Amino acid sequence: MLIVGKKVLVNEEETRITRLEVLSPELCRKAEPGQFVMVMTCPEGERIPLTLVDRDEAKGTVSLIVQEVGHTSRLLGRMEPGDSLHALVGPLGHPTPIKNYGTVLLVGGGVGIAEIYPVARGLKAAGNKVICIIGARTKGLLILEEELKPVSDELLIATDDGSYGQKAFTTDILKQKLQEEGNIKLVYSVGPIPMMSRVAQVTRKFKVKSIVCLNALMVDGTGMCGCCRVTIGNKTKFTCVDGPEFDAHEVDWQELTQRNRVYEEQENHICKLFEKQANGEK
Amino acid sequence: MSKVIKVKEADAELRSRSFEEVVLGYTEEEALAEAGRCLQCKNPICSSGCPVGVDIKKFIYYITQKDYAAAYQTIREKNNFPAICGRVCPAEYQCRNACVFTKKGSPFASEKAINIHYLERFVADACMKQGTAVTASRPELSGFKVAVVGAGPAGMCCAGELARWGVKVVIFEGLHDTGGVLRYGIPPFRLPREVLDFEINELKKLDVEIIPNFIVGRTRSVKELFAEGFHAVFLGLGAGIPSFLNIPGENLGGVYSANEFLTRVNLMKAYEFPKCHTPVEVGRHVVVIGGGNTAMDAARVALRLQKMSGLEPDTTILYRRTEMEMPARRLEIEHAREEGVKFELLVNPKAFFGDKKGRVTKVRCARCELGAPDVSGRRRPVELAGSEFEMECDVAVEAIGLKANEILTKVTPEIKVDKWGDVVVDSQTMETSLKNVFAGGDIVGGEGTVIEAMGMAKRAARAIIDRLLMERKEERK
């Protein structure tokens, strides 16, 4: 649980994304693409889920990538090598079904790019032709481009403002690709909910199998609480033990959006308090 | 005969504004007076009501002699956690129901029955203050290693039993803290955390090692544990998965399982938000659905959150049957009522409704009457036509039961489970279909009480001890 490495990947336009290398030989041995861990920063902390992005078997470490959006992710972003997480447990959730599908297309938006990386690597190693589409608002917010290059046969980039790659949304490029390449067997996507629901719309039209990795709120992460319940094809599922990956065409996106906002007010309150404290200390 | 000594309780209004303990326990004088009421029956039947068979007559006798250390040792011979059981055991259904003062055939203890649980608690608390000297009493099984999965009541009890024989026990716990349901489920006002921590420290004194943040089945498989030199594995996995009613609107914001609501508050300390970072919805109008201890706990927690936030308390329990059929301890029902929890009995929730933001705003219910008894022997609620009504609510907590946690069994197909996902065991040895893997507690046969879980854990521990003793004999040949 000792943090042994830290790299700030993005720090502009009020967006901070940090990569942490955490010592955990146990997790390193077991982590598979698509799985996640539960993390606590301190004894008073929340438990939050984070995707296992990478592992380094020589060092016995795993990589976590976190975008600072709420209180806990900000605390994580402020941790330094030498600090220890209060809790780290996993690997949780079903691994991505890695096999040779033929041609697969992965779509990553924002910090979701971090989550498609281990899946892309796994699918590439299994012999697939891997096409990755990654996107962000602007060039400076794009992460893991270099890491994705060697595991993609084709890497396409979209920025909302056209500062890098194509001036487009990832889903625009997705549509174009699905039109061009008739043999895409699977579309795997992770990103903001509006992006994933749009991917679902596009892939439904093209009748292509579409998997998404959902980011529901969790408490224990082991099936005990049901906080992460989502509606999949009119059935309630727990993201932690039934997922985190589901058929994109079956997800009730509106419900997920609303459930993820339940604690918005409390989150704003604690973030403001924390800022005040931080400013006071200066 | 002398009169029943009532236990002192914190003032209902004051106590429901904090998470401080409600039942204050006996003073020495009170304990002596209550113990003095015990008839010391020639053929006592009270112990038959105790799932672990504590020698009740004997420990009460020691109290009357003011030999509290001996009383404590007597209880500890059978029960590893007297300070916990003295607080959370449903004594009115168990030892007190078996007491000779209870009318024969009564579903729960008469008021006159000796307050055995309060005496047990008195003894434990007295010894907790003085410190105890518990050590591995029979080291003949040193050198053997047993893995216990889950640091809840069953796992901790099994660990304690084995450690006393000198077995090296490692408990693997999935959460970041110990105690299982005793910490995430039972609120501190029923079981203060210092009591729980005391009992866990007693365990550590026996050289039991506890590793948190470790999910057997994920972090390591059962097979790998054996490969690493563990001679046996005990599964105290608990009944982890909450059931839901399966009615419309259940996934609206503000609708919780009792497990989530209680975990946020008890384990994650949401009542100290923002000092502790986990939030919980307080709710102006709270409904809690169910009639068990968990429902009472959730309602009393919700009410406290309301009062501590300066809101007008409004928490209502919705239950399909009448108070008589409620599975909760009578004391919890009384306490909830004293504190201001309201009860809507004979009502069945049909649907939740929400606002534009997807947050729950009301619940629709039907009124019921009791019909013929069902398989559980309780009279079945039957809905009355045209009786539907709506109640405002911005927090709803469903406390309608739990199912098996399958996180381990799903990846360990050698361990047979029944159609509910509960682990199938030999009822004598508690051994599963996988050799040298034993199980006990709620993962066997569904939800039960803390003491029942301990009873099963002890049986499993006994079987493990017997097996290890045999192995030791083989070694020496």
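In what follows, chains carry the letters A, B, and so on, assigned in the order in which the sequence lines appear, proteins first and then strands, with residues in each chain numbered from 1. Everything numeric here is computed off the predicted structure, so don't read it as measured data.
The aromatic rings of A/Y263 and B/Y256 are tilted relative to each other, their planes meeting at an angle between 30° and 60°.
When all heavy atoms of A/L273 and B/P274 are compared, the pair lying nearest together is CD1-CG, 3.3 Å. The shortest heavy-atom contact between B/R218 and A/G93 is NH1-O, 3.0 Å.
Only the side chain of A/L75 comes within contact range of chain B, judged by heavy atoms closer than 4.5 Å. Looking at B/L402, there are no atoms closer than 4.5 Å to chain A (heavy atoms on both sides), in backbone or side chain. Heavy atoms of B/I241 lying under 4.5 Å from chain A belong to its backbone as well as its side chain. Heavy-atom distances place no part of A/F274 under 4.5 Å from chain B, backbone and side chain included. Heavy atoms of B/F261 lying under 4.5 Å from chain A are absent altogether. With a 4.5 angstrom heavy-atom cutoff, B/V255 touches chain A via backbone and side-chain atoms both. A/M1 touches chain B through its side chain: at least one heavy atom from C-beta onward sits under 4.5 Å away, while N, CA, C and O do not. In this structure, chain B has heavy atoms under 4.5 Å from both the backbone and the side chain of A/Q266. Of the two parts of A/Q35, only the side chain, counted from C-beta on, holds a non-hydrogen atom closer than 4.5 Å to a non-hydrogen atom of chain B.
With B/H277 as the partner, the ring-ring contact (aromatic ring centres under 6.0 Å, His included) test is satisfied by one option alone out of A/H86, A/H71, A/H269: A/H71.
Atom-to-atom distance recorded for A/E46:CD and B/T278:OG1 is 5.0 Å, nearest 0.5 angstrom. Atom-to-atom distance recorded for B/S257:OG and A/M224:CE is 9.0 Å, nearest 0.5 angstrom. Put simply, CG on A/D220 and OG1 on B/T263 are 6.5 Å apart, with the number rounded to the nearest 0.5 Å. In this structure, A/M40 CE and B/N213 CG are separated by 8.5 Å, a value rounded to the nearest 0.5 Å. Taking SG of A/C227 as the start and CG of B/N259 as the end, the distance is 12.0 Å to the nearest 0.5 Å.
For the options B/A239, B/P242, B/G217, B/P212, heavy-atom pairs under 4.5 Å to chain A are most numerous at B/P242. Comparing B/K269, B/M268, B/R264 by how many heavy-atom pairs each has under 4.5 Å with chain A, the most go to B/R264. Across A/E26, A/R229, A/E255, the residue that shares the most heavy-atom pairs under 4.5 angstrom with chain B is A/R229. Most heavy-atom pairs under 4.5 Å with chain B, from the set A/D252, A/V37, A/T222: that is A/T222. Residue with the most contacts toward chain B among A/E265, A/R259, A/M38: A/R259 (heavy-atom pairs, distance under 4.5 Å). No other option in A/G45, A/G70, A/G226 has as many heavy-atom pairs under 4.5 Å with chain B as A/G45.
With a 4.5 Å cut-off on side-chain heavy atoms, A/I270 and B/K275 do not count as touching. Between A/V241 and B/E406, every side-chain heavy-atom pair lies at or beyond the 4.5 Å cut-off. Within the 4.5 Å cutoff, the side chain of A/H94 has no heavy atoms near those of the B/K410 side chain. Side-chain atoms of A/R29 and B/R220, non-hydrogen and from C-beta on, do get closer than 4.5 Å to each other. Between A/P43 and B/H176 the shortest side-chain heavy-atom distance does not fall below 4.5 Å. Residues B/E272 and A/E44 form no side-chain contact, since every pair of their non-hydrogen atoms from C-beta on lies 4.5 Å or further apart.
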Determine, stepwise, if the pair A/Q258 / B/R359 fulfils side-chain contact (heavy atoms from CB on, under 4.5 Å). CA-CA 8 Å; A/Q258 291 180 332; B/R359 285 164 185 259; over 6 Å; no

Test A/V262 against B/E281 for side-chain contact (heavy atoms from CB on, under 4.5 Å), laying out the working first. CA-CA 9 Å; A/V262 166; B/E281 293 279 285; 4.2 Å; yes

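Using modelled atom types, one finds a donor on one side chain and an acceptor on the other under 3.5 Å when comparing A/T236 with B/N251.
Other residues, nucleotides and ligands place more than 12 heavy atoms under 6.0 Å from the CZ atom of A/R204. The environment of CG in B/N201 is crowded: more than 12 heavy-atom neighbours from other residues, nucleotides or ligands sit within 6.0 Å. Surrounding NZ of B/K145 are more than 12 heavy atoms belonging to other residues, nucleotides or ligands, all under 6.0 Å away.
Between A/K30 and B/E224 a salt bridge is recorded (basic side-chain N to carboxylate O distance below 4.0 Å).
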